[in-house]
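One-based numbering, in listed order, for ligands and for the atoms of each. Each residue takes its place number in the sequence, starting with 1.
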Amino acid sequence: MKDLTRCVITPKVKMEGFDPLGSAIHRASTIVFENAAAYANRLERGPDGYSYGLYGTPTTRTLERKLTELERGGRTLLVPSGQAANTIAMLAFLRAGDKVLIADTVYPPMRDFADSDLPKFGVTVVYYDPTSPAEVERLIDERTRIVWCESPGSTTMEVQDLPKIAEIAHRYGALVGCDNTWATPLNFKPLMHGADIVTEALTKYVAGHSDVLMGSISVSDEAHFLTIRSSMGRLGIGVSPDDASLVLRGMETLGVRMKHAHEGAMAAIDLLQGHPLVERVLYPALADCLGHDIWKRDFLGASGVFSVIFVPEAVEHVSAALDALETFAIGASWGGTRSLVAPMPVKVNRTATKWIGNDLVLRVSIGLEAHEDLMADLQRMLRTIEMRIATGLSRAVPHSAAR
Ligand SMILES: *Cc1c(COP(=O)(O)O)cnc(C)c1O
């Protein structure tokens, strides 16, 4: 053998006795076959075999297996983002003439997809009040292919009665999909409460370090799995083993991170709820949250993401107060180690329900910092608002413009 060839061929080294706790990163596009017949018959290897990198590697299969066990599902598929999990879960099943019912409180990019793309394919989109199974009953018909849920709802945190909605949907032969990103499969298992499809933005809590994007789709039914898998193959969608390995690593600490974040959220909520500048905190673990009883019945815990509604006099000062924060960062996405805040508009994202009150809801994600530092930061934010109100500062008349 010439050296040029030696450079190309990878020698097999002994694997026996090498038994690490973590999972290896297996990179591959090409997978080679022992002979021509094996190559010709590669499709017979089925969904558990290996035939091409896009369709799975030992690294991605390891993550899929872990998620399947947590979701109590039959199968899991990995996709490049949480948003992709939602859109692919829909596209794989929809055809022209179908109708979908979507919770009014759905993740806003999902609403954008439903409004911008689904009508192009001849799919009718109808939004429903997430807290009203009766409305689902009224809107559903034989054309309805999917009833899409997200519980609790994005920003406003309404918890849905998934078993009730699933009972209605299944009577009409519709599938039920549920975006479970807030709860993670540790705190809610939608497949055990009637959903046919559950999606997760692994980007958030499961990966947990704000450095990787990934989503998952889990199902109980093998036929649904094959439908999604073949759609993904045709669309050319898969994930890199390097990214999957980051998610696998992050996931090992999911339980302790969620516990710390939840405890921090409870401390922060205590502080905020008692403050005269705060009108209301939205969080499924609070008794006045819409669907709190359903949360108690169906969920196993709460994460560290909640929303804050300020009293009307405070609203115009919130932006300036966010700039005073030192430990919290301002940014979208959540579920990482760093605590985040993001002001969210609600009215533009509601059509089936009416959002009454202020259109500024502050989404807060508690991270892994010391609770004391976070509480001091929230106090700083509240003091900034108080000071601005007391001195009559207003965003409308910046003091630099006053002579
Ligand atoms: C963030 C988020 C997504 C999207 O996840 P990406 O990985 O950022 O695309 C989907 N659903 C919910 C509820 C989310 O919060």
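Between Tyr283 and His262, the ring planes are parallel. Angles under 30° get that label, and only those over 60° would be called perpendicular.
For the pair Arg111 and Tyr127, the cation sits on the ring face: its NZ or CZ lies under 6.0 Å from the ring centre, inside 45° of the axis.
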Can you give each donor-acceptor pair under 3.5 Å made by side-chain atoms of residues 86-93, sequence neighbours left out, with the distance rounded to 0.1 Å?
from  : atom 1 : to     : atom 2 : distance (Å)
Asn86 : OD1    : Thr199 : OG1    : 2.6
Asn86 : ND2    : Asp179 : OD2    : 2.9
Thr87 : OG1    : Gln83  : O      : 3.4
Thr87 : OG1    : Ala84  : O      : 3.3

Atom pairs and distances, donor-acceptor, side-chain atoms in residues 301-314, under 3.5 Å, two or more places apart:
from   : atom 1 : to     : atom 2 : distance (Å)
Ser303 : OG     : Trp182 : O      : 3.2
Ser303 : OG     : Trp182 : NE1    : 3.0
Ser307 : OG     : Thr155 : O      : 2.6

Using a 3.5 Å cut-off on N/O to N/O, what pairs does ligand 1 make with the protein? A line per pair would be great.
from     : atom 1 : to     : atom 2 : distance (Å)
ligand 1 : 7 (O)  : Gly82  : N      : 2.7
ligand 1 : 7 (O)  : Thr203 : OG1    : 2.6
ligand 1 : 9 (O)  : Gly82  : N      : 3.2
ligand 1 : 9 (O)  : Gln83  : N      : 2.9
ligand 1 : 11 (N) : Asp179 : OD2    : 2.6
ligand 1 : 15 (O) : Lys204 : NZ     : 2.5

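The side-chain hydrogen bond (donor to acceptor under 3.5 Å, both in side chains) analysis of residues 93-103, with sequence neighbours excluded, yields the pairs Lys99-Asp141.
With a 6.0 Å radius and a threshold of 12 heavy atoms from other residues, nucleotides or ligands, Arg350 has its CZ atom above the threshold.
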